[in-house]
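Take a look at the structure below.
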Amino acid sequence: MATTKVEPKPVKGPAQATRGPEKTYDGISGKQLIELYRLMFLSRRVDDREILLKRQQKIFFQISGAGHEAMGVAAGLVLKPGYDWFYPYYRDRALCLSLGVTPLEMLLQAVGSAEDAASGGRQMPSHWADPKLNIVTGSSPTGSQLLQAAGCAEAGRFYAAHPGATKKAAGDYREFKDVRFQGDEITYVSCGEGATSEGEFWETMNTASTRKLPLMICVEDNEYAISVPIEVQTAGGNISRLVANFPHFYFAEFDGTDAVASYTAFRKAAEHIRAGNGPAFLHGHVVRPYSHSLSDDERLYRPEAERRDESKRDPIGRLQMFLVREGILDEEGITRLEKQVEAEVQEASDHAVAAAKPAPDSVMQFIYSPTLDPASPAFASEPVFANPKNQAEPTIAAATAQKTMADLINACLHDEMKRDPRILVFGEDVADCSREEYLQQKLIKGKGGVFKLTSGLQREFGSDRVFNSPLAEANIVGRATGMATRGLKPVVEIQFFDYIWPAMMQLRNELPLIRWRSANAFSAPTVIRVAIGGYLTGGAIYHSQCGESIFTHIPGLRVVFPSNALDANGLLRTAIRCDDPVMFLEHKRLYRETFGRSPYPGPEYMVPFGKAKVVQEGSDLTVITYGAVLPRALQAAQRLQREQGISVELIDLRTLNPYDWEAIANSVRKTSRALVAYEDTLSWGYGAEIAARIADELFEDLDAPVRRIAAKDVFVAYQPLLEEKILPQSEDIERAMLELAEF
Ligand SMILES: Cc1ncc(C[n+]2csc(CCOP(=O)(O)OP(=O)(O)O)c2C)c(N)n1
């Protein structure tokens with residue numbers, strides 16, 4: 001159902017006679033002002049209707065856009081749906097109505113209907129999404145949208161500079177991505193003044209400024225974040241004052257309850273951005289007449305007098321008075337318009353309340369791509385090692401040389417970047433050299449990552465595709481998410497697993513959820529390479545951590561953990577070509593290990609996800625492991641075989657989500673004994689889940705308890721003697737194997 005536009009008759013009277021029909025208000029015509037008023041009133045009425053429905057228990061949550069309407073319609077008048085991109089805050093109902101979201105669509109989300117195109121009943125009301133209008137699925141964390149919007153703005157800029165990258169290609173994620181860009185499009189993102197206290201807000205300001213992004217950051221300041229007032233939130237009580245020195249911005253601070261003043265600010269900001277001058281920061285002062293949400297009662301912390309004073313600034317009352325005063329619309333016209341809006345909302349509400357509810361069985365849909373399954377045979381290919389006989393003499397050695405895991409990850413990145421112009425690599429220190437001229441003048445060799453895994457990528461593919469990020473992990477993951485939403489394939493690096501935590505909001509609540517929470521309307525397939533693990537003799541507490549189970553616990557995120565060079569190459573290629581977010585864990589100790597080296601397997605080698613490798617067949621017990629424990633377990637198994645004649649079947653999981661249950665079950669059915677070996681702390685670690693499932697589903701097949709061997713429940717200490725005691729060593733694994741075999 002489309003919103004019906006009313007055409008109220010403008011009042012005829014002295015005001016119009018003297019000013020004439022052409023009078024405009026900073027370029028807005030009387031007719032446009034009437035339409036703005038209609039949208040604002042419609043927005044308020046949809047809020048009121050939701051409040052009624054909540055009281056009738058027909059919807060389950062309500063948060064209003066009341067008091068913010070003038071800024072919303074002003075932005076809507078300036079920006080273009082389906083052309084510009086939008087990351088609206090939950091109070092942006094009026095903006096979304098202006099862009100073309102209908103009252104029915106809003107109410108379908110409120111009732112949680114199957115017909116809710118924004119989320120299929122998965123998200124609360126006011127969590128906007130519409131792929132046709134370029135309104136990107138939003139969430140509830142107050143600041144995470146900002147960094148994603150920065151990434152979205154960067155993507156548009158990238159496509160404008162590299163239009164060839166937009167072309168579709170068969171056989172990988174690109175097949176499912178329609179990429180659109182305009183060249184001068186703006187990305188709009190908004191938040192409340194409370195959300196400006198989040199680090200992600202400041203990270204976004206920083207990146208918008210350093211990269212001169214076409215980003216419009218809009219702060220809707222109603223002076224309260226639930227019950228916390230502005231003076232507690234913002235030093236000095238005014239966010240505009242604090243951000244005023246960020247270079248390249250257009251700044252405006254204005255009365256956000258005044259539709260014309262708001263329009264002026266948005267119009268000028270859009271001109272600045274479309275001209276390529278950089279981002280804009282728009283700070284509008286608004287009001288919040290309806291408490292924070294229906295779960296809040298502001299009378300508990302705001303006295304009557306303050307609320308009464310604020311009500312005088314209600315944007316709807318203000319515009320109504322303006323229309324009458326200027327002779328644009330009389331009382332009768334206003335009444336007629338409002339009646340039409342009421343009827344429209346009533347009709348939408350009746351429809352929404354009767355609309356189909358989602359099928360409970362649909363809950364598992366769209367956690368991952370429904371069209372591209374990285375566990376399928378499409379992602380299985382054989383390595384093509386160079387045949388020394390076919391090689392010219394000097395290259396024989398190079399082609400057949402045993403390469404390290406670091407070499408083959410680097411080779412995969414080179415191959416894939418060559419194949420796919422949409423791949424962007426960024427992170428801390430990943431570039432060869434941010435100061436390009438040093439590279440050009442051949443003054444330096446280049447860095448290419450603290451472990452050199454990205455070495456030479458910037459040199460080969462340029463600084464638009466390979467660049468350093470600021471030292472801010474949320475910045476890396478948040479921007480990558482925004483870029484991936486626009487069809488790019490960011491392959492980003494988190495320098496040390498130990499420092500991934502600033503990105504946790506993005507990793508837990510955003511990236512892996514984009515597809516599910518939008519019922520497949522959006523997706524953000526990103527690869528996050530993370531250097532992980534200990535056994536470093538000196539790595540200590542903050543350079544040795546594991547913790548993979550924290551990420552396998554996140555629905556929507558694939559987790560990969562290779563143990564050798566060949567697997568790392570093939571699994572990384574699968575990670576890049578698939579259409580899901582992937583966390584690619586690279587064990588630092590394995591980067592340059594002699595164990596598990598391999599010749600280069602060619603540019604098409606892929607290992608499917610969820611397919612374990614039986615590293616050694618055996619009959620007495622099964623050991624399930626992955627990562628750097630694999631070579632230690634192999635050593636232990638070989639010793640046991642030699643010295644005690646015990647035959648161990650050793651399984652390398654290779655990917656942790658999905659994981660190969662079939663391989664585990666087949667082996668345990670054969671050996672009747674299972675040991676899960678992992679490097680992370682024992683309790684609540686990844687192996688606990690595997691052990692629980694074996695105990696549950698293979699109980700009848702077992703001749704012994706399911707055992708685990710892992711690190712002690714403590715952080716890894718610096719002194720090698722302590723580290724050795726804390727992490728599971730080959731001898732510990734051997735002892736655990738022996739005990740289990742003898743049980
Ligand atoms: C990261 C995060 N912390 C806490 C919350 C709970 N919460 C929801 S809205 C809100 C206040 C937001 O205030 P502000 O940004 O000023 O926007 P307003 O609601 O006033 O428009 C809080 C604390 C949340 N959603 N996200």
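Whatever order the structure lists them in is the order used to number ligands and atoms, beginning at 1. All heavy atoms count here, side chains included; hydrogens, waters and symmetry mates do not.
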**Residue pair Tyr301, Asp296: steps toward the side chain to side chain donor-acceptor pair (under 3.5 Å) verdict** = CA-CA 10 Å; Tyr301 52 87; Asp296 172 49; 2.5 Å; yes
**Message:** Show, in sequence, the C-alpha distance, side-chain angles and deciding distance for Phe61 and Ser295, and conclude whether the side chain to side chain contact (heavy atoms under 4.5 Å, CB included) test is met.
**Reply:** CA-CA 8 Å; Phe61 183 75; Ser295 318; 3.9 Å; yes
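Salt bridge status for Glu35 with Arg38: present, with a side-chain N to carboxylate O gap under 4.0 Å.
For residues 87-101, every residue pair satisfying the salt bridge (Lys or Arg N to Asp or Glu O under 4.0 Å) rule, not counting sequence neighbours, is listed here: Asp47-Arg93, Glu50-Arg93.
For a heavy-atom separation below 4.0 Å, the residues in contact with ligand 1 are His68, Tyr89, Tyr90, Arg91, Ser140, Pro141, Thr142, Gly192, Glu193, Gly194, Ala195, Glu198, Asn222, Tyr224, Ala225, Ile226, His292, Met505.
Ring-centre distance between Phe246 and Phe281: not below the 6.0 Å cut-off.
Side-chain atoms of Ser190 come within 3.5 Å of backbone N or O of Tyr89 as a donor-acceptor pair.
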